[in-house]
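First the proteins, then the strands, lettered A, B, ... as listed; each starts at 1. Excluded from the calculations below are hydrogen atoms, water molecules and symmetry mates; all remaining heavy atoms, backbone and side chain alike, are included.
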Amino acid sequence: MPTLPDDAFAPLLVDLNEPQRQAITHADGPLLILAGPGSGKTRVVTRRAAYLASTVTSARHVLAITFTNKAAVEMRQRVAALDVGPGITVATFHALCAKLLRIHHERAGITRNFAIYDRDDKRKAIKQAIEECGLSADNLSPASVDEQISLAKNALCGAAQYAESASDWRARMVARVFERYEALLTANSALDFDDLLTRMTLLVERDAELRGRLNDQYRYVLVDEYQDTNAAQYRLARLLSEGHRNLCVTGDPDQSIYGWRGADIRNILDFERDFPDAKVVRLEQNYRSTKQILALADKLIQNNLQRKHKALWTENTSGENVRIVELDDSDREASWIVDDIAKKVTAGAKLSDIAVFYRVNALSRVVEEAFFQKGLPYQIARGVEFYARKEVKDVLAYLRVLSNPDDELSLMRIINTPPRGIGDTTIERLKAEAQRTDRRVINVLSDKSVVSGLGRSGMKTRAFDALLMELSPHLNLSPSRALTEIISRSGLRAMYAQEDRGGDSAPVENLDELINAAAAFEESHPGASIVDWLEHAALVSDVDSVEGEKDCVTLMTLHAAKGLEFPIVYIVGLENGLLPFRRMQDDAGAGYDEEEERRLFFVGITRARRQLTLTRANYRMLRGITTRTTFSPFLDELPPNALQWIESERVATPVRSSRIDRGELPSDVDQWSVGTMVRHPLLGIGQIVSMDRGSRRTFVDVVFKDGSRKTWVLEFADLTRVEFEDVD
DNA sequence: AATATTCCCGTTTTT
DNA sequence: CGGGAATATT
């Protein structure tokens, strides 16, 4: 490595501790960065990428692989901000594989325009496979088969191999479905998410020439969140760095929480065995949390055996005690939290600084209700995925059929959407004919001799075929133009406009948002094709979670919290069976991993910067049954002196004004507008600075005397209008 | 095809 | 308890 004076890249090496600096400047050979929570990993990773690109090699030889799009976007931006020209490849595993498979589709043995099936598509295909195997979905649920196929694929086990190892009856049934499912995917020219990884990995493994080319192209490979890699990703990472061994992996074994999904913590634990000459850097100084919070997390995680020791420490202040609050039941637990938050807000805390975590989504509802009652705005991190919405999938199905006529799953989705009189019997006939003559249904559609034999429904079928013909030239337009045309010409817009009479979703708005999303995509990817856009839509599911800092509390599962941080954190439901989550009446606790549960709790704790509150309810209602709970055993593992126990003060559930209970707008809402003065019981007098009357909810932004600004859902906000004269 | 009814099921879910 | 899907009804 050329030794240059440090100031040549001073901005990259400023403000670092020694291990961070080592991690950034290590050039050749394997490198393992063990990064504790809040240890500045992202900074190290981005600067390392920039350092390599500017001093050791050039940007186009640097490849950074992440797990989430969010991480990829963030890394791309932060590297760009360091002024190291563009050219670094930053991608998720899946996006990278999709891109490479598209380029090398011939070697991979697939068509160029292959579709990417998401979970819903996959389940549908599996269901079809189950039926075609003459089995009933009763004994074999698509979901469980999905899970098993997924685990198998992620372990690089194909259908044939799975069949060989199938020992019991059930496994043999799954094996049959697996094989049938694979045949379906092939017939549809489609890949599922797992295929993207496994097909690419197997391709690189068997194709030495391609492997050599990739090794030469990507001379420095960086894999983030390495503790979450599964067998396919592990193998791919190794193959991609086989020629040069410049593989840098970062992660934290203590934050491995996706074992149930096929991630193998041993990949990171055994890195030094795989690469005996690996340089190991530990980032142990925490810049995020108070001493108390960090000590708690550290004490807890020491109970795990499967780990690499890290000495977590911080120079931050000691901070407040971690609070443990015990409440009578889940309702009171929720309202206690919301009351506590309200107090903090009055004391000046920002809502966006606060988060509530829970182990299972089912717990979110009680908490939400409490927020509703109090009129405090909140958001749930896991929104219904935009691209999973019915109307969006309908549109995408048209695009898919047009770009990949093999995709019969999508064809079946649109053949009678909007309703055009092609019913089940007609579809069955078309399918039968297709099977008899060994064609795809779409080809049968355009066969005059077949269609004319269908009588009245033949007309409809012909009309549909004509529609597809009419739409197909639009494929050459830009994605947003194509979408616009197809949405209106297919009749989808008209259909959803009619459906949109005050329902709780706004499908037409979503269609427009889809067009906007496509337009935005075009801007960042000039010259992108429909297929590019479809790929983007399949792999980037977080359009709506990109919205920036909203002034509200964030609710999410512990899993979703990974990688985030908040000054104030609440974790609910510290109960045995819930925080170490245990499935009841399960076959001998299969799939239960206490260490992983502990890591999950560790992740939750270490999200908190300043204040952490753990709560627990004596009685919890779950699935309509109220049960007496017991303490989470994890609580016993925490250092008692760092904890502050708060007795269950009995907060009388306040009897609220009925308008808010019913979620209604104030009766004098007509007189509410921007400029109206309002009163909040805690925050006093404020003025409306914006008011957004959506179809479902009305949002108001209020600025108070002290200059603070809050957003509320008016239906649930404890706001009353005050006459201007009342204010002095 | 649209609506009413029953019934079934119920961790976590980066892509 | 509550949502979604499968099924029944008009």
[X] has an atom [atom1]; how far is it from atom [atom2] of [N], in whole Å?
X      : N      : atom1 : atom2 : value
A/Y258 : B/dT12 : OH    : C1'   : 7 Å
A/L558 : B/dT14 : CG    : P     : 14 Å
A/D264 : B/dT14 : CG    : P     : 20 Å
A/D120 : B/dT15 : CG    : P     : 15 Å
A/Y358 : B/dT12 : OH    : C1'   : 12 Å
A/R123 : B/dT13 : CZ    : P     : 13 Å
A/M556 : B/dT14 : CE    : C1'   : 14 Å
A/R582 : B/dG10 : CZ    : P     : 19 Å

### Task
Pick out which of A/K122, A/K153, A/H94 makes a side-chain hydrogen bond (donor to acceptor under 3.5 Å, both in side chains) with A/D194.
A/K122
Determine the minimum heavy-atom distance between [X] and [Y], stating which atoms define it.
X      : Y      : value
A/A64  : A/M75  : CB-SD, 3.6 Å
A/A617 : A/E575 : N-OE2, 2.9 Å
A/V603 : A/K562 : CG1-CA, 3.9 Å

### Task
Specify the glycosidic conformation (syn or anti) of B/dT11, with syn defined as within 90° of 0.
syn
### Query
A/L196 or A/V360: which one's nearest nucleotide on DNA chain B is closer to the 5' end?
A/V360
### Query
If you pin A/T68 and A/R420 to their nearest nucleotides in DNA chain B, which one's is more 5'?
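In this pair, the answer is A/R420.
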### Message
Is the positively charged end of A/R102 above the ring of A/F114, judged by distance under 6.0 angstrom from the centroid and angle within 45° of the axis?
### Response
yes
### Query
Does A/R598 count as lying over the ring of A/F634, i.e. NZ or CZ under 6.0 Å from the six-ring centre, within 45 degrees of the axis?
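Judged by the rule, A/R598 and A/F634 form no cation-pi pair.
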### Task
Kindly indicate whether the side chain of A/R261 and the base of B/dT11 share any N or O donor-acceptor pair separated by less than 3.5 Å?
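By the distance-only test, no, there is no pair.
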### N/O donor-acceptor pair, side chain A/R359 with base B/dT12, under 3.5 angstrom
yes
### Message
Using a 4.0 Å heavy-atom cut-off to protein, can you give one letter per nucleotide of nucleotides 1-10 of chain C, 5' to 3': B if the base is in contact, S if only the sugar-phosphate is, - if neither?
### Response
BS---S----
### Query
Looking at the rings of A/Y570 and A/F357, which for Trp means the six-membered one, are their centres under 6.0 Å apart?
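No - the distance between ring centres of A/Y570 and A/F357 does not fall below the 6.0 Å cut-off.
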Could you tell me whether [X] contacts a base, only the sugar-phosphate backbone, or nothing, with contacts defined as non-hydrogen atoms closer than 4.0 Å?
X      : value
A/E535 : nothing
A/F93  : nothing
A/N154 : nothing
A/D118 : nothing

Ignoring backbone atoms, test whether [X] places a side-chain nitrogen or oxygen under 4.0 Å from the OP1 or OP2 oxygen of [N].
X      : N      : result
A/T557 : B/dT13 : yes
A/N361 : B/dT11 : no
A/N69  : B/dT15 : yes
A/N230 : B/dT15 : no

### Aromatic ring pairing A/F271/A/Y226, orientation class (parallel under 30°, perpendicular over 60°, tilted between)
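The rings of A/F271 and A/Y226 stand perpendicular, inter-plane angle above 60°.
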#### Entry: Stacking of A/F581 on B/dT11 base (centres under 5.5 Å, planes under 30°)
yes
### Query
Between B/dT15, B/dT12, B/dA2, which nucleotide gets closest to the side-chain atoms of A/L539?
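The closest nucleotide is B/dT15.
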